[in-house]
Amino acid sequence: MPRLTLRIVLALFVLSAAPATAVPLAAADSLEPVVARTAMASTGHPDASRAALQILRQGGNAVDAAVATGFALAVVSPDAGNLGGGGFMVIRRPDGTATTWDFRETAPSGAWREMYTDGGLSSQVGHAAAGVPGTVAGLIAAHTAEGRLPLADVLAPAIELAQGQFLSGRNAILFNRYRDEFRQFESTARHFTTSDGRLWAVGERFEQPDLADVLRRIQRDGRDGFYRGRTADLIVAEMARGDGLITHADLQGYRAVERPVLTSTYRGHRLLMMGPPASGGIALAQALRAVEPFPLARWGLQSAEAVHLAGEALRRAFADRAFWLADPDFVDVPARALLAPRYVASRMASFDPARTTASAAVSHGTPPDLPAEGTETTHYSVVDGEGMAVATTVTLNDYFGSKVAVGGAGFFLNNEMDDFATAPGEPNFWGLVQGEANAVAPGKRMVSSMTPVILEDERGRLFMVAGSPGGSRIISTVFQVVTNVIDFGLNAQQAVALPRFHHQWLPDHMEFEGGLPDATREGLGERGWLLDRLVRFGAANVVVVRYDDRGVRTLEGGADPRRDDDDARGY
Ligand code: DON
């Protein structure tokens, strides 16, 4: 068959393949996780999972593998994996100690509070939407602190992929779908549309020589290969092609921050989470605490009782998020107090099992003072042979972020500035209404919904590594993945595949994916929920660790069927 015809046939095959969606409850029994004895990676792309396993087999630990995965995703999943965005990493070492890395973007030094209202700039598309990228600083800092292999080894898989990869169906479809947006920006058009104007074909070889050069500079010079020298010059030159604000000083001044892990408990399990400026840890832990007194397992998986309760728990958690959450380096966030069992119980005092509580009647709570304590996205979970675990979520925000690719460097810049309360009181891209604490200020980190989490079992052993993309829907996705495993006894694949629901205080409705049982929808309607059907949201990547009577581990990997490229593999 001539090459072009073969490509077209392949493209039609992929386009006509069943859309990637949730698996209905009725089919849950057929879902099996990937099982392995030693190590497991669940990531957003098969080549990224392969990179993780390659590094583990070379003697790297879970952090080496996670860093290799992060760089590989920047190459093979350019809609979300990135060098030009930011994220969060939670690490649990084999001895049970844990830490987190915050590499969220910061507002450029030239940013100001009203830049998206009076200034008339766009927080969603174009150069002014980009915050100062954090991913490279974060991956390098985590590797320096915890890694075992040389940086040169850890970057090698990504560099090889940048020299040429075969476009997955998902990438070809996304590149083609965003073609018009890419053409708005000269550099993006050059790097991400075909030179002769035709559509990308599935399986076509896609080479990223400029990106390979950036990765080589990072391989040679560490963070300076990105934040100084040629890469920094290219970013600043790109800013000048639009209304961008990122300067050399912003890049040189960017720092990833190691922050103490935020902890909570759920039914005897310990949660190790990311604290602010991520909101996901606090909101997840609040929602889990809120449902803990209730017999979810007896009510049944996706029963109206259980979904109603979870919706009410999420309503209160998101109302707190909107008011309290902010960059902790700019605003005092009472993280521990928001998780206190008595405070969460007080928030749930108004819970009515028979009726919704209108969001208009629920505002943020006021937790009692507690003594201060040391205080389009892709997620990947990695566990190594020694029991070290890493949960990382990185993002550009929307698919391909600001849609601006850095000319001569070939990576997208984020549009994370939209995660600030750009116009406090008005909904952002994710429909979130946020408050003053999250207003734009120079050098400040915008609040995130990202929720990378590691759980320990009742005996303090590593139990689960989880996270997801999905904007505000990340929090409800991770909540459901955790309860699916702990309350409903599902395996790792069932936990990520079943239909989900979502509620975020405002707007005052519940979203659900097709496949949620009819009786559940009726029961929710009777309780007063306004329901909106969404095709799909979230793409969770999890690893669950099981132990037999002698303590021998089996690793279960779950990769969300909603994204074609999601992939779990181990050995
Ligand atoms: O940090 C946040 O909350 C968002 N920027 C995450 C965006 C996201 O998950 C996109 N994925 N579909």
Side-chain angles (χ1 to χ4, degrees), residues 20 43-45 73 77-82 84-89 102-107 123-125 129-135 138 170 174 177-178 273-284 317-318 321-322 325-327 376-380 391-403 412-422 427-434 438 440 444-453 466-478 481 496 500 502 504 511 513 534-541 560 562-566:
T43 83
H45 195 285
L73 284 168
S77 188
D79 60 301
N82 65 77
F88 301 101
M89 182 182 283
D102 163 3
F103 47 100
R104 184 67 161 165
E105 300 90 330
T106 54
S123 63
Q124 294 187 356
V125 180
V132 182
T135 296
R170 178 171 188 271
L174 282 175
R177 186 184 299 158
Y178 282 88
M273 301 168 296
M274 192 72 227
S279 68
I282 291 177
L284 170 69
F318 271 95
R321 178 198 189 283
L325 260 292
D327 180 343
E376 190 61 26
T377 311
T378 183
H379 174 84
Y380 47 102
T392 312
T393 315
V394 294
T395 189
L396 289 168
N397 196 19
D398 194 2
Y399 283 108
F400 306 104
S402 60
K403 317 292 187 280
F412 280 98
L413 290 170
N414 66 84
N415 63 344
E416 225 74 61
M417 293 297 281
D418 192 62
D419 277 347
F420 278 117
T422 52
N428 75 354
F429 179 79
W430 301 106
L432 289 167
V433 177
Q434 313 182 87
N438 189 29
V440 182
K444 191 177 176 186
R445 288 158 142 88
M446 55 298 276
V447 171
S448 170
S449 299
M450 289 189 270
T451 314
V453 63
S468 176
S472 53
R473 297 170 187 89
I474 293 171
I475 294 169
S476 38
T477 297
V478 177
V481 170
V496 299
R500 296 194 270 258
H502 170 69
Q504 61 178 40
E511 293 166 353
E513 295 179 315
L534 234 71
V535 178
R536 59 173 170 270
F537 53 83
N541 291 94
D560 204 311
R562 292 166 184 77
R563 279 197 187 176
D564 280 332
D565 285 346
D566 277 18

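In each ligand, atom 1 is the first atom listed, and ligand 1 is the first ligand listed.
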Enquirer: Does ligand 1 have an atom that lies less than 4.0 angstrom from a heavy atom of W430?
Expert: yes

Enquirer: Quick one: pull up CG in D398 and CD in E416 and give me the separation to the nearest 0.5 Å.
Expert: 10.0 Å

Enquirer: Where on Y399 is there a heavy atom closer than 4.0 Å to ligand 1, on the side chain, on the backbone, on both, or on neither?
Expert: neither

Enquirer: Should the ring pair F400 and Y178 be called parallel, tilted or perpendicular, given that the plane angle runs from 0 to 90° and is split at 30 and 60?
Expert: perpendicular

Enquirer: Does ligand 1 come near enough to E416 that some N or O of the ligand is less than 3.5 Å from an N or O of the residue?
Expert: yes

Enquirer: Any side-chain to backbone donor/acceptor pair from R500 onto F537? Under 3.5 Å, distance only.
Expert: yes

Enquirer: Please answer whether the main-chain N or O of V394 pairs with a side-chain N or O of H379 as donor and acceptor at a distance below 3.5 Å.
Expert: no

Enquirer: Taking the side chain from N415 and the backbone from Q124, do they hold a donor-acceptor pair closer than 3.5 Å?
Expert: yes

Enquirer: What residue and atom, counting heavy atoms only, is the protein's closest point to atom 2 (C) of ligand 1, and at what distance?
Expert: D419 OD2, 3.1 Å

Enquirer: Would I474 count as a polar contact of ligand 1, with the cut-off being nitrogen or oxygen pairs under 3.5 Å?
Expert: no

Enquirer: Are the side chain of T422 and the backbone of D418 linked by a donor-acceptor contact shorter than 3.5 Å?
Expert: no

Enquirer: Among all protein non-hydrogen atoms, which one is nearest to atom 1 (O) of ligand 1, and what is the separation to 0.1 Å?
Expert: S448 OG, 2.7 Å

Enquirer: So which heavy atom in the protein is nearest atom 7 (C) of ligand 1, and how far is it from that ligand atom?
Expert: T377 OG1, 2.8 Å

Enquirer: Look at atom 3 (O) of ligand 1 and say which protein heavy atom is nearest, naming residue and atom and giving the distance to 0.1 Å.
Expert: S449 N, 2.7 Å

Enquirer: With side-chain contact (heavy atoms from CB on, under 4.5 Å) as the test, would you mind laying out the steps for I475 and R321 before giving the verdict?
Expert: CA-CA 11 Å; I475 294 169; R321 178 198 189 283; 4.2 Å; yes

Enquirer: Is the shortest N/O to N/O distance between P469 and ligand 1 below 3.5 Å?
Expert: no

Enquirer: For atom 12 (N) of ligand 1, grab the closest protein heavy atom and report residue, atom and distance to one decimal in Å.
Expert: E376 OE1, 2.5 Å

Enquirer: Do side-chain atoms of N428 reach the backbone of G431 as a donor and acceptor pair under 3.5 angstrom?
Expert: yes

Enquirer: Are the side chain of S402 and the backbone N or O of V125 linked by a donor-acceptor pair below 3.5 Å?
Expert: no

Enquirer: Taking heavy atoms and a distance under 4.0 Å, where does R104 meet ligand 1: side chain, backbone, both or neither?
Expert: side chain

Enquirer: Atoms of ligand 1 less than 4.0 Å from G470 heavy atoms?
Expert: 8 (C), 9 (O), 11 (N), 12 (N)

Enquirer: List ligand 1 atoms under 4.0 Å from T395, heavy atoms only on the residue side.
Expert: 6 (C), 7 (C), 8 (C)

